[in-house]
Structure formats: C-alpha cells, structure tokens
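Every heavy atom of this structure was used, including side-chain atoms; hydrogens, water molecules and symmetry mates were not. In what follows, chains are A, B, ... by sequence order, proteins preceding strands, each numbered from 1.
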Protein chains: 2
Amino acid sequence: MSSQESAPGSTRPGGRTARNTVAVLQATLDELGEHGYGAITVDLVAARSGVHKATVYRRWGGVDGLVRAALDWSADQDWEPTRTGALHTDLLALAETVAQGFTEAPEREVSAAAVAAAFESEAVAGALRRFMADRHRRSAAVVTEAIARGEAPEGTDPEEVVRSAVAPVYYRLLVSREPVSPADLRRTARITADAAAEGAFVPGP
Amino acid sequence: MSSQESAPGSTRPGGRTARNTVAVLQATLDELGEHGYGAITVDLVAARSGVHKATVYRRWGGVDGLVRAALDWSADQDWEPTRTGALHTDLLALAETVAQGFTEAPEREVSAAAVAAAFESEAVAGALRRFMADRHRRSAAVVTEAIARGEAPEGTDPEEVVRSAVAPVYYRLLVSREPVSPADLRRTARITADAAAEGAFVPGP
C-alpha cells in the first residue's frame, strides 16, 4: 500500500491504476487463453498490457498472483442467469451457457485454461474454486425463485441443483472429451428439474 | 517393426520387450503422477525404467507418444465395476470408485494428471477419450443387467446412465474444486437410478 499506484483514491474507476489493473488482468486472461498457464510470464503480460514490469511484479508478485487476480476479477464481472419462467428451461439455459462458454464464447480458451491451470497451481485452484462458488451462488437464484413458485419443495438446496444441471456438460467437455449435443442438455435439465420437484435435493436428516 | 525389440515373437508376455514396455509405461505414469505432464522428459522415463533412451525414442517417439501409450495401457488393465444386485447401489459403488480414484487410490495423482495433460496435448486428449470410453463401456454392464432385471425400461442408454452417475463427482473434484461427501454420492446415485427407472435415459425419437 506504499506505492503510488495503490494509494487510496488512485484506484477509483477510470483512474490510471484502475485502467492499468484492467489492462494487466485482461492481458493475463488473454495470455492464459492463447498460450496456457505454462507459457505465461510477467514479461509477456507486462508487454501486452503496456504496464511496466516492475509495477506488475510489485502489485501481483508473479504469474500465480496474476492468474489468481485475473480469475477473481472475472468472477466480479456482471453475470446473471437467464430467466425463462420455469425451472426446467432455466436449467437448460444454464447448461447451454456452460456449453457455449467452452465452445463458442470469446472466452472459451480461458475457461478451459483456467481449469487446466488449477491442476498446476494451488493458488489458481483456489481462484477457480472462488469463481465457481460465485457462479453457483448467482445461478442458485433461478432455483430459489422456482421454490417460491412451488416447482420444488422448501428445503431444496439451490446450489446442489445447479451443480447437477451443469456437471454433465463439464464432464463431457473436459473429462470424457466428448461433444455435447442439444439432446444431452435437454436430458440433463429435465432429469435435474424432475429430481428437484421430487425433493431429491432436500438434504436428509 | 525392424528393430529387435519389436520383432514378432519378442513381445510375448514375460519376454524382455514386454518387460521393458511395462517398465517404460509404468515409469511414464509415475512421472506423470509425481511431476505432471509439463515436467516429463524421455530422459527421466528412460532413467526411471532402466530402458535405454534410444529404445524409448524409437518405440514411442517422445513424451506425447509415451503418455498416450501409458493411458492406453492403463485402459487395457483388468477392471470391472462392482455388482451389488441393484442399479442404485451399483451406481453408488461406481461413484465411490471414481471418488476414491482421485483421493485415496495409489494412482490418484495419475488420474488428475491425465485430465490435466489432456488440456496440453491433443494426443493425450485422444488417449483420455479412449480411456474414458473404455470405462463407460465396462461400467455400462451394470445398467444392462439392471434393464434385464426390469429396473429400467428397454431402450435405456446404459453409457448415458454411467455418465450421469459419475459426472457430479468429477465436477466437484476437478472443476468446482469442492470435497465430495458420502451424502453427495448417495444423492447422485439415487437421482440417476430413479431417472433411469422413469425412462429418462431412453433416447427420444
């Protein structure tokens, strides 16, 4: 906190430090997506962001600190699950978002690289855990609303419903390395919504 | 096929080439598990296995060929899912095996390293795909038997039931980076078995 860059007041949105922070974290995500965790260096991130290397070292410490901060920053971005009015189709939309995030979205390389990097670094694994926990929390809103509409019983664990809806997508894309079809997404959403309606996500005694 | 090592007849079980092959592939898995894909070199595998470096290069070409062959070899090992007499508990046993494979088994580091390495190499991703396809095929037997017992309708896709039973375990351990509790395993097995009984895994028209 003694450097000029991190002095109080200089991190206001639009300030130079804020702009530098965004540039560095975005450059980190870009490097992660394009070349993977193993190829990231502070030099490359500094060059890409236009921020001085010494500043990058001082604020983020090194590659692990950069990747961790970049993932935490990603989690902070605005993101809201789609609302369709029914749990089944809300879960379908959620699974579609995950599938697109790995196959179509501009950030598709980053998504896979972040999961991959977590195997190599405890710091990155922690950042991924926080990122996913944040996504679970935000996504859980569609389940909470479904409970309020009477589509699932009181006591249903909303985040567990979310995990159940997205896990098969991640499994196919990252573990069994198979394509995900629209029928796969529909089946998973249907099974999860039906199980939720039956009270399968109400924790036992 | 022109080298002495790979001449017909010399690869019989118990022969020198067979012993060398096992030594090299086991050394590759050991290196993968202990140090990760990024740290494997032909030199290290050769030294660990006691097989000459030139032989390793000639037969496997390099690190990608070694890791691919080692995963294919793992898939060939005898493995059978546990039979308990009912689909629900067979799926529970399957999910427990997966969870133990990442947390308790001697090969736990290899399991995670293989998934991680697939992000870095198309050849390894292909080997992982084959390995998982083999596990799906073998595990599907418990579902086929359950269909014969009348626990799920004819037309049920057995491998899809398997994916549904194990995906949440992989998701927690490798993506959301959360612990897997016995209650998590029981819930997933119960939801999948119930969905199978309802015909949720019979492909639509």
Heavy-atom contact with chain B under 4.5 Å, split by part of A/Arg186 |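 When you check distances to chain B, no heavy atom of A/Arg186 falls under 4.5 Å.
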A/Ser164 versus chain B, heavy atoms under 4.5 Å apart: side chain, backbone, both or neither?
-> neither
Counting heavy-atom pairs under 4.5 Å to chain B, which of [options] comes out on top?
| options | answer |
| --- | --- |
| A/Glu120, A/Arg190, A/Glu160 | A/Glu160 |
| A/Gly38, A/Ser176, A/Ala113, A/Ala195 | A/Ser176 |
| A/Ala114, A/Pro168, A/Ala118, A/Gly36 | A/Ala118 |

NE2 (A/His52) with more than 12 external heavy atoms under 6.0 Å = no
Is the number of heavy atoms from other residues, nucleotides or ligands under 6.0 Å of A/Glu198 CD greater than 12?
->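 No, CD of A/Glu198 has 12 or fewer neighbouring heavy atoms, counting only those of other groups under 6.0 Å.
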Most chain A-contacting option - heavy-atom pairs closer than 4.5 Å, from B/Val115, B/Thr192, B/Val175 |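 Most heavy-atom pairs under 4.5 Å with chain A: B/Val175.
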pair A/Ile191-B/Ile191: side-chain heavy atoms closer than 4.5 Å = yes
Is there side-chain contact between B/Leu174 and A/Leu174, with at least one heavy-atom pair below 4.5 Å?
->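 Contact flag for B/Leu174/A/Leu174 side chains = no.
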Please flag which part of B/Arg163 lies under 4.5 Å from any non-hydrogen atom of chain A: side chain, backbone, both or neither.
->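 Both backbone and side chain.
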Taking heavy atoms only and a threshold strictly under 4.5 Å, list by residue number the residues of residues 122-150 of chain B that touch chain A; give 'none' if the list is empty.
->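 If one takes a 4.5 Å heavy-atom cut-off, the residues of residues 122-150 of chain B near chain A are B/Ala125, B/Leu128, B/Arg129, B/Met132, B/His136.
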Applying a criterion of heavy atom separation less than 4.5 Å, what residues of residues 78-86 of chain B form contacts with chain A?
-> none
Rounded to the nearest 0.5 Å, how far does CZ of B/Phe119 lie from OH of A/Tyr37?
->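 CZ of B/Phe119 is found 15.0 Å from OH of A/Tyr37.
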